[in-house]
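Counting starts at 1 for both ligands and their atoms, following the listed order.
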Amino acid sequence: DAELEEEGDDVLQPRPPVVTVMGHVDHGKTRLLDAIRKADVGGGEAGGITQHIGAYQVHTEHEGVERALTFIDTPGHEAFTAMRARGAQVTDIAILVVAADDGIMPQTIEALNHAQSANVPIVVAVNKIDKEGANPEKVRQQLTEFGLVSEEWGGDVMFVDVSAKNNVGINDLLDAVLLTADAGLDLRANPDKDARGVAIEAKLDKGRGSVATVLIQSGTLRVGDAIVAGTAYGRVRAMSDENGDPVVEAVPSRPVQVQGLSSVPRAGDNFIVTSEDRTARQIAEKREAAERNAMLAKARKRISLEEFTKALEDGKVESLNLIIKGDVSGAVEALEESLMKIEVDDSVQLRILHRGVGAITESDVDLATIDNAIVIGFNVRPDVKARERAAREGIDIRFYNVIYNALDDIENSLTGMLKPEYEEVQSGVAEIREVFRSSKFGNIAGVIVRSGTITRNAKARVIREGVVVADGLAIESLRRFKDDVTEVKTDFEAGIGLGKFNDIQVGDEIETTEMVEKPRG
Ligand code: GDP
């Protein structure tokens with residue numbers, strides 16, 4: 001593979017680190033990116049019109065030398081993981097933003113899990129230290145539990161207290177990023193060859209056609225080069241930087257906006273320069289075909305818990321990757337703790353890539369796709385997008401409502417034993433569109449059946465925004481118009497009474513299940 005080619009030390013030159021800002025919503029990622037942009041000591045005209053192009057470069061004075069850093073300007077780990085899902089690893093260092101008044105929150109942990117799973121070193125920005133109630137020490141304390149130990153406390157992670165609002169600590173943060181890069185990463189690339197890189201963001205512009213922000217990873221990109229980015233191809237007609245100024249050539253770690261592509265590449269698509277237009281086009285077409293095939297192959301290759309057990313039985317060494325989502329943190333922790341206590345053969349590895357509270361999201365499925373993980377949903381369900389993606393990617397999502405059952409399944413798998421013979425499967429899902437009061441039956445859910453069949457004798461549970469709010473319910477009445485019926489199929493409306501359980505709301509889902517014999521092998 002040309003991308004893995006070995007290059008001699010003599011041709012490699014230092015390149016700026018590429019940084020992604022991650023963290024919980026509202027902890028100040030966007031504002032921090034703005035503050036960093038303003039801290040630029042480079043040539044950028046003060047007051048010049050800056051535009052959002054998905055990535056930008058800033059310069060800072062570091063140990064007496066002017067150094068550049070590249071920031072990916074789409075904050076959040078979702079974009080980061082979506083790019084990784086395309087095989088693109090653009091980030092060298094992650095800044096984990098934690099608001100000092102709030103402390104760590106679910107997405108803080110999610111972000112750090114995503115960064116760690118990609119082996120990207122983390123610098124922690126403890127933000128909002130201007131606020132009353134800010135407790136930066138507490139943030140340090142909290143993060144030690146997740147393996148991020150601050151340097152001041154003998155660990156190897158740099159924590160910097162900042163206020164994005166008041167522009168406090170921004171230069172220290174940039175220093176910390178550079179120190180982390182210099183200490184642990186060998187960031188060099190050969191600028192003297194045809195460019196390669198990754199599309200960060202792209203759009204269709206009325207006047208300019210396809211406009212793609214690309215990050216150069218090696219080589220130099222010039223106006224006039226023939227390129228192919230994902231399945232888009234063309235000649236670089238014009239390039240511009242984050243200030244809208246024209247760029248003639250772009251070197252490694254430099255983000256630029258490129259015009260001239262035939263279509264809009266996706267974030268995370270790799271691009272290369274080719275010697276001729278024709279070659280670019282041929283590659284693009286081949287890629288399109290390959291992508292289709294790869295998608296089909298991938299969908300077949302995904303591991304399920306059954307296949308894992310089978311591989312173990314066959315003596316093939318395997319590691320089992322898990323993502324655990326649950327409705328309450330206590331349950332997630334209890335499950336994780338019990339799983340870690342399972343005694344397994346030395347050759348078998350159990351890795352928990354991510355754990356969190358709340359519905360299973362697209363981002364969870366992305367992570368499962370990249371690292372071929374199985375997703376455990378404890379009293380939670382995937383949201384619509386996650387469900388679609390999981391189906392497309394063939395991800396094994398397993399639902400449990402009793403910790404013991406989850407533990408039992410995984411333990412049996414890890415020790416190479418066959419599963420129990422019966423399992424619970426979903427038989428129908430109905431969406432509540434209205435709630436009626438009935439003096440006889442309590443609240444009645446006016447539903448439309450979204451999938452499967454709702455049967456009168458099934459067990460039911462109520463799911464609200466992906467989280468199970470009631471379980472083990474019986475369907476005490478099932479009606480179409482005024483008639484009692486035994487079943488209602490997909491796309492039909494019905495009235496459902498759940499007996500004593502009255503806490504139903506418009507938008508909730510009623511899921512019904514039945515026990516079926518489990519297929520073996
Ligand atoms: P994001 O969701 O992580 O991108 O967060 P934003 O950057 O949008 O910030 C969320 C809110 O926190 C906004 O109202 C910001 O003005 C505010 N904020 C961000 N940084 C600071 C800070 O350092 N101090 C204070 N007091 N507020 C901040």
Side-chain angles (χ1 to χ4, degrees), residues 18-40 50-56 58 60 69-83 90-91 93-116 118 120 122-143 146 148 150 157-177 200-201 213 242 255 267 354 356-359 361-364 366 383 385 465:
V18 180
V19 187
T20 299
V21 174
M22 303 180 185
H24 194 74
V25 62
D26 278 346
H27 279 196
K29 298 180 291 294
T30 310
R31 189 127 190 195
L32 183 64
L33 278 160
D34 286 346
I36 288 168
R37 198 161 176 165
K38 285 197 207 105
D40 189 11
T50 53
Q51 34 177 302
H52 173 81
I53 72 163
Y56 60 82
V58 295
T60 185
L69 301 100
T70 302
F71 283 85
I72 305 292
D73 196 6
T74 44
H77 58 271
E78 293 84 0
F80 167 84
T81 298
M83 282 203 247
V90 299
T91 304
I93 292 191
I95 293 182
L96 182 66
V97 182
V98 189
D101 57 336
D102 234 10
I104 66 168
M105 297 293 271
Q107 284 168 287
T108 313
I109 306 311
E110 193 163 315
L112 97 85
N113 286 336
H114 281 235
Q116 283 173 340
V120 170
I122 293 170
V123 171
V124 181
V126 183
N127 191 30
K128 305 197 187 184
I129 52 158
D130 58 282
K131 282 185 91 169
E132 212 173 304
N135 189 348
E137 292 304 292
K138 186 167 172 213
V139 174
R140 284 166 175 75
Q141 176 60 48
Q142 289 177 322
L143 281 174
F146 296 88
L148 295 187
S150 121
V157 179
M158 299 194 69
F159 281 62
V160 184
D161 295 341
V162 302
S163 164
K165 182 181 170 202
N166 296 343
N167 288 310
V168 172
I170 306 300
N171 286 320
D172 295 339
L173 180 62
L174 298 180
D175 275 334
V177 170
I200 302 291
E201 200 175 274
T213 300
E242 54 271 56
H354 173 54
V357 174
T361 63
E362 220 176 349
S363 170
D364 296 326
D366 270 345
D383 58 32
K385 280 183 171 172
E465 279 163 21

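- For the pair H354 and E110, the minimum side-chain heavy-atom distance is below 4.5 Å.
- When distances from atom 13 (C) of ligand 1 to the protein are checked, no heavy atom turns up under 4.0 Å.
- Contact annotation: for D130 versus ligand 1, heavy atoms closer than 4.0 Å belong to the side chain alone.
- Protein heavy atom in closest approach to atom 16 (O) of ligand 1: R31 NH1, 2.6 Å.
- At the shortest separation from atom 4 (O) of ligand 1 among protein heavy atoms lies T30 OG1, 2.5 Å.
- Nearest protein heavy-atom contact of atom 20 (N) of ligand 1 is N127 ND2, 3.1 Å.
- Taking 4.5 Å as the limit, some side-chain heavy atom of F80 sits within range of a side-chain heavy atom of V120.
- Taking distance alone, with nitrogen or oxygen atoms compared against 3.5 Å, A164 approaches ligand 1 more closely than that limit.
- The shortest N or O to N or O distance between G28 and ligand 1 is below 3.5 Å.
- Short contacts between ligand 1 and S163, defined as distances under 4.0 Å to a heavy atom of the residue, involve ligand atoms 23 (O).
- Taking a cut-off of under 4.0 Å to the non-hydrogen atoms of D26, the atoms of ligand 1 that pass are 1 (P), 2 (O), 3 (O), 5 (O), 10 (C), 12 (O).
- Contact annotation: the side chain of D73 never approaches that of I53 to less than 4.5 Å [non-hydrogen atoms, C-beta and beyond].
- Distance from atom 28 (C) of ligand 1 to its nearest protein heavy atom, with residue and atom name: K128 CE, 3.7 Å.
- Under a 4.0 Å criterion applied to the non-hydrogen atoms of H24, ligand 1 contributes the atoms 3 (O).
- Between I129 and V162 there is no side-chain heavy-atom pair separated by less than 4.5 Å.
- Contact annotation: the side chain of F71 never approaches that of L32 to less than 4.5 Å [non-hydrogen atoms, C-beta and beyond].
- The distance from atom NZ of K165 to atom CG of D130, rounded to the nearest 0.5 Å, is 5.5 Å.
- At least one N or O atom of K165, backbone or side chain, sits closer than 3.5 Å to an N or O atom of ligand 1.
- The shortest side-chain heavy-atom distance between I72 and E201 does not fall under the 4.5 Å cut-off.
- Residue-level proximity to ligand 1 for K131 is carried by the side chain, the only part with a heavy atom below 4.0 angstrom.
- Atoms NE2 and NZ, on H24 and K29 in that order, are 8.0 Å from each other to the nearest 0.5 Å.
- Looking at R140 and V126, their side chains come closer than 4.5 Å, going by heavy atoms from C-beta outward.
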